[in-house]
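Starting off with a structure, shown below.
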Amino acid sequence: MSELNQDQYLQDQQWMLKAIELARLGQYSTRPNPNVGCILVKDGQLVGHGFHPRAGQPHAEVFAMREAGEKAQRATAYVTLEPCAHYGRTPPCAKGLVEAGVARVVIACSDPNPLVAGKGVQILQDANIQVDVGICEQVAKDLNKGFLKAMATGMPYVRLKVASSLDGRTAMASGESKWITGSIARQDVQHWRAISGAVITGIQTVLADDPELNVRHLQDIDLTTIVQPKRIILDRQGRLPLTAKILKNPETVMVMGPFRQEIADLGVIQLTIQPLKELLQTLSKQHQVYDVMVEAGATLSTAFLQEGLVDEVISYVAPTFLGQSARAMFNSAFDTMAEQLRFKTIEVTQLGDDIRLNLIPSQETL
């Protein structure tokens, strides 16, 4: 690593933010691969750029080097994630940068994937290429929360989505819940589904609402280019009806419950009944699902929260009151303040008349 002066650091930030914007272009299509962007700069001018569009296709660095051609020699490469160091479906990008003759590589964040994990940096340094790591690191990490967590821990990043009234209710006593929030908030949910490898729900939600839980609309995005999330139903008693809308595309459905031949015949993947933590580990290690979104009723949502499995809560709050007989978003009873589950607000967004709160578990103690 080198000591950067203030002017160089600011320039690096500007170019890296452009690379991050490129990486974001693949946020709906790269799964299970991470989002990566790359920019090549020579004499203060952009000479090549690219992003990773889909698993199996060339990585960001390859597109940037192709565009730059001979101009890549003695250029600086800005890459949002440590260049890969292994042969997979594509050759290692670290070696590609060496062969292109770049003089310097600036990396936003390291890759905890054991196949990379510092090896990409080592290849570059062994070729006497200057390497600087950590420019815009947190912004880059936010693009790949699931991938980075799964590579480091074997567990996916779990987002719990809830939509409630001001008095913390999610449905009427009858189960009626359409619609608490407005259309802008409901459209926003599509984004969070689209960046998820799987959406988990419970059988009660399927029986009550008959949802599809897929991505049906994204602003200015061709839906044929995105990777639809798996829809996972926790159905311990085998009650999923064959007429459920979620089975219109059975190849993207997984059911955790007793084996049912009629479900298997549709092409649905069936998972053995297991604790929630083991289910998440199974999804990460066996199915390459690194981002999970939980869209469920109070019982399942509470279970994920109480078992400490939620990394982020996405809470949509509508400016309405549903009354004490309506269903609560959380159904566990606490007797003392010490038992409360406390969160830290990291983002507040107004969506029409509604508000979205992004929350992460707080480490504070009372």
**Asked** Any sub-3.5 Å donor-acceptor pair from Gln228's side-chain atoms to Thr252's backbone N or O?
**Response** no
**Request:** Could you tell me which residues satisfy salt bridge (Lys or Arg N to Asp or Glu O under 4.0 Å) with Lys230, sequence neighbours excluded, listed by chain and number?
**Result:** none
**Message:** Tell me whether Ile203 shares a hydrophobic cluster with Leu160, the cluster being built from Ile, Leu, Val, Met, Phe, Trp, Tyr side chains joined at under 4.5 Å.
**Reply:** no
**Asked** Any side-chain heavy-atom pair from Ile346 and Leu359 closer than 4.5 angstrom?
**Response** no
**Complete:** Rounded to the nearest 0.5 angstrom, the NZ-CG distance for Lys149 and Asn144 is 15.0 Å
**Request:** For Phe304, check ring-ring contact (aromatic ring centres under 6.0 Å, His included) against everything at least two apart and list the hits.
**Result:** none
**Item:** Asp353, CG atom: more than 12 neighbouring heavy atoms under 6.0 Å
**Value:** no
**side chain to side chain contact (heavy atoms under 4.5 Å, CB included) partners for Ser110, two or more places apart** = Glu82, Val133
**Asked** Any donor-acceptor pair under 3.5 Å linking the side chain of Thr153 with the backbone of Met155?
**Response** yes
**Request:** Could you tell me which non-hydrogen atom of Ala198 sits nearest to which non-hydrogen atom of Ile232, and how far apart they are?
**Result:** CB-CD1, 3.6 Å
**Crowding at CD, Gln45 (>12 non-hydrogen neighbours, <6.0 Å)** = no
**Message:** Keeping Gln270 on the side-chain end and Arg260 on the backbone end, is there a donor-acceptor pair under 3.5 Å?
**Reply:** yes
**Donor-acceptor pair, side chain of Asn5 and main chain of Gln8, under 3.5 angstrom** = yes
**Item:** Any donor-acceptor N/O pair, Asp311 side chain to Val158 backbone, under 3.5 Å
**Value:** yes
**Asked** From Ser29 OG over to Gln57 CD, what is the distance, rounded to the nearest 0.5 angstrom?
**Response** 8.0 Å
**Message:** Side chains of Leu240 and Val268, heavy atoms from C-beta outward: is any pair under 4.5 Å?
**Reply:** no
**Sub-4.5 Å side-chain heavy-atom contact between Tyr78 and Asp12** = yes
**Item:** Residue pair Leu22 / Thr80, side-chain heavy-atom distance below 4.5 Å
**Value:** no
**Request:** List for me each residue that meets side chain to side chain donor-acceptor pair (under 3.5 Å) alongside Glu21, sequence neighbours excluded, and say none if there are none.
**Result:** Arg24
**Request:** Would you check if the side chain of Arg31 reaches a backbone N or O of Ala194 as a donor-acceptor pair within less than 3.5 Å?
**Result:** yes
**Message:** According to salt bridge (Lys or Arg N to Asp or Glu O under 4.0 Å), who are the partners of Glu251, at least two apart in sequence or on a separate chain?
**Reply:** none
**Request:** Could you please spell out the steps behind the side-chain hydrogen bond (donor to acceptor under 3.5 Å, both in side chains) verdict for Thr349 and Arg356?
**Result:** CA-CA 5 Å; Thr349 306; Arg356 185 190 76 222; 3.1 Å; yes
**Prompt:** Under the 3.5 angstrom rule, does the side chain of Gln324 hit a backbone N or O of Ala326 as a donor-acceptor pair?
**Reply:** no
**Message:** Could you check whether atom NZ of Lys71 has more than 12 heavy atoms from other residues, nucleotides or ligands sitting under 6.0 Å from it?
**Reply:** no
**Request:** Show your working on ring-ring contact (aromatic ring centres under 6.0 Å, His included) between Tyr28 and His191 and close with a plain yes or no.
**Result:** CA-CA 9 Å; Tyr28 302 133; His191 160 75; 5.7 Å; yes
**Request:** Measure the shortest side-chain to side-chain distance between Leu148 and Tyr157 over non-hydrogen atoms and say whether it is less than 4.5 angstrom.
**Result:** no
**Complete:** Output for pair (Arg169 CZ, Arg327 CZ), nearest 0.5 Å, gives 11.5 Å
**Request:** Kindly compute the distance separating CD (Gln306) from CG (Leu276), expressed to the nearest 0.5 Å.
**Result:** 11.5 Å
**Donor-acceptor pair, side chain of Arg159 and main chain of Ser196, under 3.5 angstrom** = no
**Message:** Could you see if Tyr316 belongs to whatever hydrophobic cluster contains Leu305? Use Ile, Leu, Val, Met, Phe, Trp, Tyr and a side-chain cutoff under 4.5 Å.
**Reply:** no
**Request:** Could I get the full list of salt bridge (Lys or Arg N to Asp or Glu O under 4.0 Å) partners for Lys141, not counting sequence neighbours?
**Result:** Glu137
**Message:** Could you work out, with side chain to side chain contact (heavy atoms under 4.5 Å, CB included) as the rule, every residue matching Arg236, not counting sequence neighbours?
**Reply:** Met256, Ile273
**Item:** Gap between atom CG of Leu25 and atom OG1 of Thr30 - 0.5 Å precision
**Value:** 11.0 Å
**Counterpart residues, side chain to side chain donor-acceptor pair (under 3.5 Å), relative to Arg216 (two or more places apart)** = Asn214
**Asked** With distance as the sole test, does Asp167 use its side chain to make a donor-acceptor pair with the main-chain N or O of Gly323 at under 3.5 Å?
**Response** yes
**Request:** Return the set of residues passing ring-ring contact (aromatic ring centres under 6.0 Å, His included) with Phe330 (not counting sequence neighbours), or none when no residue passes.
**Result:** Phe334
**Item:** Sub-4.5 Å side-chain heavy-atom contact between Gln130 and Val102
**Value:** no
**Message:** Suppose we screen for side chain to side chain donor-acceptor pair (under 3.5 Å). Which residues come up paired with Asp126, at least two apart in sequence or across chains?
**Reply:** Gln122
**Item:** NZ/Lys18: more than 12 non-hydrogen atoms of other groups inside 6.0 Å
**Value:** no
**Message:** Taking CD in Gln138 as the centre, count heavy atoms belonging to other residues, nucleotides or ligands within less than 6.0 Å. Is the count above 12?
**Reply:** yes
**Item:** Linked, directly or transitively: Met254 and Ile200 (ILVMFWY side chains, under 4.5 Å)
**Value:** yes
**Check: Asp354 side chain, Ala185 main-chain N or O, donor-acceptor pair, under 3.5 Å** = no
**Request:** Locate the shortest heavy-atom distance separating Arg54 from Ile226; write the atom from each residue and the value.
**Result:** NH2-N, 4.1 Å
**Message:** With heavy-atom distances below 4.5 Å as the criterion, would you say the side chains of Asp291 and Ile195 are in contact?
**Reply:** no
**Message:** I'd like to check Leu242 versus Ile263 (side-chain heavy atoms, cut-off strictly below 4.5 Å). Are they in contact?
**Reply:** yes
**Message:** Could you work out, with side chain to side chain contact (heavy atoms under 4.5 Å, CB included) as the rule, every residue matching Ala64, not counting sequence neighbours?
**Reply:** Cys38, Leu40
**Asked** What distance do Thr201 atom OG1 and Lys161 atom NZ have between them, rounded to the nearest 0.5 Å?
**Response** 9.5 Å
Can you list, pair by pair, the side-chain donor-acceptor contacts under 3.5 Å of residues 281-289, counting residues two or more places apart and other chains?
{"from": "Thr282", "atom 1": "OG1", "to": "Gln274", "atom 2": "OE1", "distance (Å)": "3.0"}
{"from": "Thr282", "atom 1": "OG1", "to": "Glu278", "atom 2": "O", "distance (Å)": "2.9"}
{"from": "Ser284", "atom 1": "OG", "to": "Gly154", "atom 2": "O", "distance (Å)": "3.2"}

